[in-house]
Amino acid sequence: MKIRPLHDRILVKRLEEEEKTKGGIIIPDTAKEKPIEGKVIAVGNGKLMENGELRPLDVKEGDRVLFGKYAGTEIKIEGEDYLMMREDDVLGIIEG
Amino acid sequence: MKIRPLHDRILVKRLEEEEKTKGGIIIPDTAKEKPIEGKVIAVGNGKLMENGELRPLDVKEGDRVLFGKYAGTEIKIEGEDYLMMREDDVLGIIEG
Amino acid sequence: MKIRPLHDRILVKRLEEEEKTKGGIIIPDTAKEKPIEGKVIAVGNGKLMENGELRPLDVKEGDRVLFGKYAGTEIKIEGEDYLMMREDDVLGIIEG
Amino acid sequence: MKIRPLHDRILVKRLEEEEKTKGGIIIPDTAKEKPIEGKVIAVGNGKLMENGELRPLDVKEGDRVLFGKYAGTEIKIEGEDYLMMREDDVLGIIEG
Amino acid sequence: MKIRPLHDRILVKRLEEEEKTKGGIIIPDTAKEKPIEGKVIAVGNGKLMENGELRPLDVKEGDRVLFGKYAGTEIKIEGEDYLMMREDDVLGIIEG
Amino acid sequence: MKIRPLHDRILVKRLEEEEKTKGGIIIPDTAKEKPIEGKVIAVGNGKLMENGELRPLDVKEGDRVLFGKYAGTEIKIEGEDYLMMREDDVLGIIEG
Amino acid sequence: MKIRPLHDRILVKRLEEEEKTKGGIIIPDTAKEKPIEGKVIAVGNGKLMENGELRPLDVKEGDRVLFGKYAGTEIKIEGEDYLMMREDDVLGIIEG
């Protein structure tokens, strides 16, 4: 079963703690807002702009992304946990 | 009796729990916001943009959709429960 | 005496409970927000858009409409109860 | 002494209770928000739109209007009570 | 010393109580919001619109104006009390 | 060390109390909001408008300005106190 | 590992206290909001404007910047502390 996010939403699979500590991003507990890391599974067809046009998203399927701790909505698909969020919830894209 | 949603609203019939567990979407109780699954019964004639034009909706009649737990307004039509919501309340469209 | 609603407002006469149960819309008491049904008595000359133009309303006089429980302002005209609301308060138009 | 309301404001003289009951609008005490009736004494030169133009008002001097209970600011001019409000506070115009 | 208000701000000198009772505007104590009367001492060079242009103000130096009780910021210049407010705080201009 | 304010921000040095009483602006303690006077040390390269253009600021380096008591962010540079604020926090420019 | 901030976000490395006191910016404890100093490590590809275009940022990689105390989200990358913030959180750029 596939989910096609609507407009500027993206479906993200969280990268678990141990995956991240391999030189990944650790969340400082004290941090007021803890960014979390994940992989982009699917992206929407674009952000609806005021002139009615859909602007393609800059975040792509397969990107590794960083996002705020409270970003998105948790959902379970075929027993797996995912997050559905807006592109604007993404802080940055992890390269290399 | 037929209801034509106005502008960017859509009428949705919730898919009951057991229908969903056939490989469907399960709502993790702990989830801060539990997305719910449903079938689109009717869609409005378009989203009113700032320039006064109606932009046709991307969600279509018959689509299976995912939406936030608090999305929309509950209504009963001829004894059946439905939800009237905005297109923007839809998180994603379920394919396959 | 006639009331001409201003701009994007519409004057609505509520359809009483028993009128609705003839296959009409029943309001589930538990419903967080109970949509109510009514008939459109008069509509304004249009919604004022940012460019200063008035965009004619899609809701017409005589339409049977569905709206949220808290929609509009209650008024009494010549002893009769009415609701004055914005077009955007209308959830949908009942056809057939 | 004459007051010229600024931009999209209008000066309104409330129609007292007995004037209204001659087939006028009665305010249901229970009503969450009680619209009140009045006569338009003066109107501003137009609503300032985003492009800097002034759009003439649709409400005219001499119109009998309906407005929300909490609309506008009370002022006394030469011993008389008036209300200064925005055109958008007007629910409708009473005709006939 | 002269103060040139910035953009859509205006400098106003309040007209004291006795000046107003000469057929002026009296503030009904009960009034929810008491408009106050004053004379415009200086006006800004215009309101900054979204397209970056400055739109000249409609309120002029020397105008007698009416404004809401909580409008503006109190300042003292060379021992005299003044109010600095936005043009939009002005309810109307007193003529004759 | 020089600070270049970003976009529509300006760097201001407060004029101390005694400097102001030389016919300057005194802050009435009772005043709900006490405007404060200062000298503009540096200005940003312009206000970012919706169309993406930078609109040069009207406030210039060296201007003596009046601003609201709660305006801006206090900073200390090389032991000296300054305020960083938006151009829109400026009430007016003191001339002569 | 490199992080490419999204759109108008920038990645900043805080300059520690002692680095700052070499004629740097000291944070007055009493200050309502304490600006903090840091070095820009990476910048996003531009701010998404209403017309759908990305406007390149004015803040550049390597700039020394001043920002509000509560600006951004704290993250740890390979054991190092960083802040991810919007360009608009930057108060000014430190030159010389």
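Only the side chain of F:Arg9 comes within less than 4.5 Å of a heavy atom of chain G; its backbone N, CA, C and O stay farther away. With a 4.5 angstrom heavy-atom cutoff, G:Glu87 touches chain F via backbone and side-chain atoms both. Only the side chain of F:Leu48 comes within contact range of chain G, with at least one heavy atom under 4.5 Å from a heavy atom of that chain.
Within a 6.0 Å radius of NZ in F:Lys13, other residues, nucleotides and ligands contribute more than 12 heavy atoms. Within 6.0 Å of atom CD in G:Glu95, more than 12 heavy atoms from other residues, nucleotides or ligands are found, so the atom counts as buried in its surroundings.
Put simply, CG on G:Asp88 and CG on F:Asp8 are 7.5 Å apart, with the number rounded to the nearest 0.5 Å. Annotation: the span from G:Leu66 atom CG to F:Ile77 atom CD1 amounts to 7.0 Å, rounded to 0.5 Å. Expressed to the nearest 0.5 Å, how far CE of F:Met49 lies from CD of G:Glu50 amounts to 11.0 Å.
For the pair G:Asn51/F:Asn51, no side-chain contact is recorded, criterion being any heavy-atom separation below 4.5 Å from C-beta on. Residues G:Lys69 and F:Thr73 have side chains not in contact (no heavy-atom distance under 4.5 Å, counting atoms from C-beta outward).
The nearest pair of heavy atoms linking G:Leu91 to F:Met84 is O-CE, 3.6 Å.
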Verdict with reasoning, F:Ile75 to G:Glu37, per side-chain contact (heavy atoms from CB on, under 4.5 Å):
CA-CA 11 Å; F:Ile75 58 175; G:Glu37 199 186 324; over 6 Å; no
